[in-house]
Amino acid sequence: MKIYIVGVGYVGLVTAACLAELGHKVCGVDIDAKKIEKLKKGKSPIYEPGLEELLKKNLKNKRLVFKTGIDKSINDYDAAIIAVGTPEREKDGRADLYYVGETAKQISRHVRKKEFVVVGKSTVPIGTAQQIRDSFKMYNGTKTVFHIGSNPETLREGNAVYDFMNPDRIIIGGNKKAQQALLGIYKKIKCPKVVTDTKSAEMIKLASNFMLAMKISATNILSRVCDVTGADIDKVTEGVGLDGRIGPSFMKAGVGYGGSCFPKDTKSIRAIAEHHRLDTSLFDSVIKINEDQSKWFLRKVDEMAGLTLKKGKIAVWGLAFKPETDDIREAPSIKIIEDLLEEGAEINAYDPVANVRDEFGGKIKHCKDMYEATKNDQILLIITEWDCFKKADLNKVKKQMATLKIIDGRNVYNPKKVRSLGFEYLSMGRP
Ligand code: UDX
């Protein structure tokens with residue numbers, strides 16, 4: 001099929017590269033001309049394992065092209081996929097649909113076909129696909145029949161290419177024509193396909209992210225119970241996760257979830273419930289526990305720092321919201337560093353690919369390697385569980401640090417082992 005993807009940010013770009021890899025002819029469109037120029041040269045604007053190889057390969061075999069701005073060439077394609085951003089609205093947590101609306105207008109102004117399939121892939125509130133259909137009628141002014149679909153993505157950053165090609169399921173919402181088009185697009189991917197209406201498809205996305213976020217917040221509050229009772233959260237989640245009705249995934253205690261999805265989508269579904277005057281208490285709890293989890297971590301820093309952090313030299317390992325990405329959106333590291341700076345601490349940070357220069361400028365030091373970051377420091381904080389930290393030579397760290405104190409916000413180390421090296425060691429929900 002010939003597929004026109006509008007918005008080549010995270011979701012749109014991975015979708016474009018993978019659909020081309022599946023054999024489709026794909027055009028990726030974006031308003032950001034600089035990004036498009038970079039993409040035309042096969043350069044990926046985001047750090048995502050395996051993506052740049054796919055871009056280069058499919059640019060070369062001409063299955064993938066990039067353009068700036070929507071134009072009449074859209075009529076050379078069988079379907080369009082809208083993958084533009086839906087940022088969170090500050091004032092009420094609802095998703096901002098400005099870019100989706102603008103894209104719908106643009107598409108309807110250029111399409112001059114008997115019928116055309118348009119699929120929403122951006123994460124949107126329930127009912128957005130129907131609003132899009134109504135705006136097409138309004139702006140198109142011809143007899144074009146638009147078939148609207150909803151095909152929310154379930155990619156994890158750092159795993160996106162693999163997740164796209166090996167999904168647990170594919171969500172296909174829309175009328176008959178849109179469903180057929182989507183089944184055709186994903187014909188080569190063997191997995192369950194949930195075929196439904198657009199509202200249910202949109203809800204599946206928000207509900208999935210809420211359920212996953214809830215599992216993490218439940219684990220984090222349980223880890224605090226472990227902290228005050230002396231139980232071990234890793235043993236607890238092992239025991240709980242073996243119950244087939246619960247399952248082991250997404251029960252890693254830590255400093256809280258971040259990223260561009262969980263924080264935004266939990267607030268988005270909460271705003272929908274509030275709008276309809278429903279009970280929002282469960283949504284509120286999941287959000288509050290997550291926001292408080294970095295404070296619970298900072299309590300451990302205060303506890304280990306003793307009297308004051310003033311002028312305390314602190315090493316921070318990990319800035320990205322999770323490993324294998326350079327993304328720092330809603331990263332717990334930012335809240336934690338903000339608090340430590342307020343308490344007068346000096347921060348030496350290291351992350352393999354991410355940085356927070358825009359957020360903190362020269363207020364913190366970005367070190368060239370993880371060992372440099374620990375030089376003469378009093379406390380080492382683990383904030384993102386990159387493999388390089390898991391494999392770190394703690395004997396080398398021991399020789400560098402001023403005092404041997406580690407607070408592990410991601411439970412990457414074995415407490416006994418680290419303590420046997422002479423470190424004072426605290427982690428999340430483990431004695
Ligand atoms: C998520 C969903 O997983 C994905 O399906 C959806 O399409 C987009 O949102 P992503 O945000 O990339 O993907 O990251 P994910 O791997 O889900 O992690 C989200 C956050 O939860 C990270 O901050 C991670 O550190 C945290 N997390 C995850 C935990 O704290 N504990 C866990 O057990 C799992």
Side-chain angles (χ1 to χ4, degrees), residues 5 7-21 26 28 30 32-60 64 66 83-85 87 121-123 153-167 252 254-255 257-264 316-334 336-337 349-361 364-370 372-373 382-392 409-410 412:
I5 299 180
V8 283
Y10 210 97
V11 172
L13 186 55
V14 173
T15 304
C18 291
L19 288 181
E21 183 65 11
V26 178
D30 204 286
D32 181 341
K34 265 219 208 87
K35 185 193 314 189
I36 291 296
E37 284 322 304
K38 209 174 169 184
L39 284 167
K40 283 181 178 170
K41 297 188 189 103
K43 284 246 146 285
S44 170
I46 53 172
Y47 173 90
E48 184 58 42
L51 179 60
E52 198 155 286
E53 294 80 354
L54 281 189
L55 287 177
K56 286 189 167 58
K57 179 180 170 199
N58 289 288
L59 282 166
K60 197 152 166 252
L64 183 56
F66 290 101
V84 295
K121 200 170 212 6
S122 311
T123 304
E153 57 72 27
T154 57
L155 312 174
R156 288 167 299 161
E157 293 190 25
N159 270 34
V161 172
Y162 176 86
D163 286 354
F164 191 100
M165 294 302 200
N166 308 279
K252 278 295 291 146
V255 287
Y257 59 73
S260 60
C261 296
F262 285 178
K264 178 174 67 109
V316 170
W317 278 3
L319 298 169
F321 81 95
K322 65 174 204 175
E324 300 308 320
T325 178
D326 58 357
D327 199 339
I328 53 146
R329 287 177 285 182
E330 302 278 338
S333 63
I334 294 173
I336 290 168
I337 291 171
Y350 173 74
D351 187 288
V353 291
N355 75 73
V356 288
R357 289 196 179 83
D358 294 350
E359 287 68 24
F360 296 105
I364 76 166
K365 184 171 175 211
H366 283 81
C367 300
K368 71 180 183 329
D369 75 50
M370 60 184 174
E372 184 206 329
I382 316 286
I383 307 294
T384 316
E385 66 277 29
W386 285 93
D387 278 349
C388 59
F389 301 146
K390 293 177 182 171
K391 300 180 190 128
R410 295 290 184 175
V412 294

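- Note that the CD atom of Glu385 and the NZ atom of Lys252 stand 7.5 Å from one another [nearest 0.5 Å].
- When Ile5, Asp30, Val26, Leu13 are each tested for a side chain to side chain contact (heavy atoms under 4.5 Å, CB included) with Phe66, only one passes: Leu13.
- A distance of 9.5 Å separates CG of Leu39 from CD of Glu52, quoted to the nearest 0.5 Å.
- Taking both residues in full, the closest heavy atoms of Gly258 and Pro332 are given as CA-CD, 4.4 Å, listed atom of the first, atom of the second, then distance.
- The two residues Cys18 and Phe164 have their closest heavy-atom pair at CB-CD2, 3.2 Å.
- Remark: the backbone N or O of Gly158 is not paired with any side-chain donor or acceptor of Thr325 at under 3.5 angstrom.
- The CD1 atom of Ile334 lies 4.0 Å from the CD1 atom of Ile328; values are rounded to the nearest 0.5 Å.
- Ring geometry for Trp317 against Phe389 counts as parallel: the plane angle stays under 30°, on a 0 to 90° scale with 60° as the upper cut.
- Rounding to the nearest 0.5 angstrom, the gap separating the CG atom in Leu59 from the NZ atom in Lys56 is 9.0 Å.
- Here CE of Met165 is found 6.0 Å from CG of Leu54. Values are rounded to the nearest 0.5 Å.
- Checked by atom type and distance alone, the side chain of Lys57 never pairs as donor or acceptor with a backbone atom of Glu21 at under 3.5 Å.
- The shortest side-chain heavy-atom distance between Glu153 and Thr123 falls under the 4.5 Å cut-off.
- Between the side chain of Asn58 and the main chain of Leu64, no donor-acceptor pair closer than 3.5 Å is present.
- Taking the charged nitrogens against the carboxylate oxygens, Lys365 and Glu372 do have a contact shorter than 4.0 Å, which makes a salt bridge.
- Contact record, Trp386 with Asp351: NE1-OD2, 3.0 Å, taken as the closest heavy-atom pair.
- Here the side chain of Arg410 pairs a donor or acceptor atom with the backbone of Ile383 at under 3.5 angstrom.
- The residues Glu37 and Lys34 are annotated as not salt-bridged, no charged nitrogen and carboxylate oxygen being separated by less than 4.0 angstrom.
- Between Val161 and Gly50, the shortest heavy-atom distance links the atoms CG2-C, 4.2 Å.
- The distance from the OH atom of Tyr257 to the NZ atom of Lys322 is 15.0 Å, given to the nearest 0.5 Å.
- Considering every non-hydrogen atom in both Gly28 and Val8, the closest pair reads CA-CG1, 3.8 Å.
- For Glu157 against Ser260, the heavy-atom pair with the smallest separation is OE2-OG, 3.3 Å.
- Looking at Lys38, its side chain never comes within 3.5 Å of a backbone N or O of Lys43 through a donor-acceptor pair.
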